Amino acid sequence: MDTSTPAGKALFQMMGVFAEFERAMIRERVKSGLERGKAQGKILGRPPIDPRREAAILDDLREGKAGIIKLAAAHGVGVGTVQRIKASLNL
(Lines give C-alpha, C1' and ligand atoms only; values in the text may rest on other atoms or scores of the structure.)
Protein backbone atom coordinates (compact mmCIF):
# COMPACT_ATOMS: atom_id res chain seq x y z
CA MET A 1 0.00 0.00 0.00
CA ASP A 2 1.46 3.30 -1.06
CA THR A 3 0.57 5.89 1.57
CA SER A 4 2.28 8.70 -0.28
CA THR A 5 -0.71 9.11 -2.61
CA PRO A 6 -4.09 10.54 -1.63
CA ALA A 7 -5.81 7.24 -2.47
CA GLY A 8 -3.31 5.30 -0.37
CA LYS A 9 -3.76 7.65 2.58
CA ALA A 10 -7.55 7.40 2.31
CA LEU A 11 -7.43 3.57 2.18
CA PHE A 12 -5.09 3.47 5.18
CA GLN A 13 -7.37 5.76 7.20
CA MET A 14 -10.46 3.73 6.26
CA MET A 15 -8.72 0.57 7.48
CA GLY A 16 -8.07 2.34 10.77
CA VAL A 17 -11.72 3.36 11.06
CA PHE A 18 -12.90 -0.20 10.45
CA ALA A 19 -10.40 -1.59 12.96
CA GLU A 20 -11.60 0.88 15.60
CA PHE A 21 -15.23 0.01 14.83
CA GLU A 22 -14.55 -3.73 15.12
CA ARG A 23 -12.77 -3.24 18.45
CA ALA A 24 -15.72 -1.24 19.80
CA MET A 25 -18.11 -3.99 18.68
CA ILE A 26 -16.02 -6.65 20.45
CA ARG A 27 -16.01 -4.62 23.67
CA GLU A 28 -19.78 -4.16 23.45
CA ARG A 29 -20.39 -7.89 22.95
CA VAL A 30 -18.12 -8.84 25.85
CA LYS A 31 -19.77 -6.31 28.16
CA SER A 32 -23.21 -7.55 27.13
CA GLY A 33 -22.22 -11.15 27.79
CA LEU A 34 -20.87 -10.31 31.25
CA GLU A 35 -24.05 -8.44 32.14
CA ARG A 36 -26.19 -11.35 30.93
CA GLY A 37 -24.13 -13.77 33.02
CA LYS A 38 -24.56 -11.63 36.13
CA ALA A 39 -28.31 -11.38 35.49
CA GLN A 40 -28.46 -15.19 35.33
CA GLY A 41 -26.71 -15.42 38.70
CA LYS A 42 -23.40 -16.76 37.39
CA ILE A 43 -20.29 -16.16 39.46
CA LEU A 44 -17.65 -14.42 37.38
CA GLY A 45 -13.90 -14.64 37.82
CA ARG A 46 -11.65 -17.28 39.21
CA PRO A 47 -13.03 -19.61 41.83
CA PRO A 48 -11.78 -18.94 45.37
CA ILE A 49 -9.15 -21.24 46.84
CA ASP A 50 -10.00 -23.76 49.53
CA PRO A 51 -10.33 -22.01 52.92
CA ARG A 52 -8.14 -24.67 54.57
CA ARG A 53 -5.38 -24.00 52.03
CA GLU A 54 -5.69 -20.27 52.63
CA ALA A 55 -5.49 -20.80 56.39
CA ALA A 56 -2.34 -22.90 55.94
CA ILE A 57 -0.77 -20.17 53.83
CA LEU A 58 -1.72 -17.58 56.46
CA ASP A 59 -0.09 -19.68 59.18
CA ASP A 60 3.10 -20.08 57.16
CA LEU A 61 3.19 -16.36 56.42
CA ARG A 62 2.76 -15.46 60.09
CA GLU A 63 5.53 -17.88 61.08
CA GLY A 64 7.80 -16.55 58.32
CA LYS A 65 8.68 -20.07 57.20
CA ALA A 66 9.64 -19.17 53.65
CA GLY A 67 9.41 -16.56 50.96
CA ILE A 68 6.42 -15.99 48.72
CA ILE A 69 7.67 -18.09 45.83
CA LYS A 70 8.53 -21.09 48.02
CA LEU A 71 5.20 -20.86 49.85
CA ALA A 72 3.33 -20.74 46.56
CA ALA A 73 5.13 -23.84 45.30
CA ALA A 74 4.63 -25.69 48.60
CA HIS A 75 0.88 -25.01 48.65
CA GLY A 76 0.29 -25.45 44.92
CA VAL A 77 -1.01 -21.94 44.29
CA GLY A 78 0.23 -19.00 42.29
CA VAL A 79 2.58 -16.35 43.58
CA GLY A 80 -0.15 -13.75 43.15
CA THR A 81 -2.43 -15.71 45.47
CA VAL A 82 0.18 -15.71 48.23
CA GLN A 83 0.82 -12.00 47.66
CA ARG A 84 -2.90 -11.26 47.92
CA ILE A 85 -3.17 -13.21 51.18
CA LYS A 86 -0.07 -11.47 52.53
CA ALA A 87 -1.50 -8.06 51.62
CA SER A 88 -4.68 -8.87 53.52
CA LEU A 89 -2.55 -9.39 56.64
CA ASN A 90 -0.68 -6.10 56.21
CA LEU A 91 2.64 -7.87 56.92
Side-chain angles (χ1 to χ4, degrees):
M1 176 182 332
D2 183 13
T3 57
S4 64
T5 64
K9 287 179 185 176
L11 183 60
F12 191 70
Q13 289 175 349
M14 283 191 289
M15 289 173 47
V17 167
F18 286 121
E20 185 178 345
F21 173 73
E22 180 61 26
R23 179 68 186 133
M25 294 301 294
I26 290 170
R27 289 183 65 189
E28 189 175 303
R29 286 192 300 265
V30 168
K31 190 174 180 181
S32 172
L34 289 172
E35 288 173 1
R36 185 177 58 243
K38 283 182 186 178
Q40 293 174 352
K42 303 226 184 215
I43 299 173
L44 302 176
R46 287 180 172 247
I49 65 169
D50 182 34
R52 292 174 297 200
R53 181 177 283 179
E54 187 170 353
I57 294 170
L58 280 168
D59 291 340
D60 288 349
L61 282 169
R62 285 189 182 115
E63 293 173 13
K65 283 189 174 179
I68 292 174
I69 295 172
K70 288 184 180 179
L71 281 177
H75 291 282
V77 297
V79 174
T81 301
V82 177
Q83 289 174 334
R84 177 182 50 78
I85 294 169
K86 183 177 181 180
S88 72
L89 288 177
N90 296 323
L91 292 178

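Worth saying up front: this structure is predicted, and the values here are computed from it rather than measured.
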task: Please say whether more than 12 non-hydrogen atoms of neighbouring residues, nucleotides or ligands are located less than 6.0 Å from CD in E28.
output: no

message: For a side chain to side chain contact (heavy atoms under 4.5 Å, CB included) check, start with the C-alpha distance between V77 and I85, then their side-chain angles and the critical distance, and finish with the verdict.
response: CA-CA 11 Å; V77 297; I85 294 169; over 6 Å; no

- prompt: Distance from L61 atom CG to L71 atom CG, nearest 0.5 Å?
  reply: 5.5 Å

message: Quick test of your reading: applying side chain to side chain donor-acceptor pair (under 3.5 Å), list the pairs with at least one residue in residues 41-59, sequence neighbours left out, ordered by first then second residue.
response: D50-R52

message: Is it the case that over 12 heavy atoms from other parts of the model lie below 6.0 angstrom from the CG atom of L44?
response: yes

Tell me which donor-acceptor pairs under 3.5 Å the side chains of residues 7-27 have, and how far apart each pair is, sequence neighbours excluded?
none

- request: Give every residue pair that meets the side chain to side chain donor-acceptor pair (under 3.5 Å) criterion with at least one member in residues 67-84, sequence neighbours excluded.
  value: D60-H75

task: Return the set of residues passing side-chain hydrogen bond (donor to acceptor under 3.5 Å, both in side chains) with T5 (not counting sequence neighbours), or none when no residue passes.
output: none

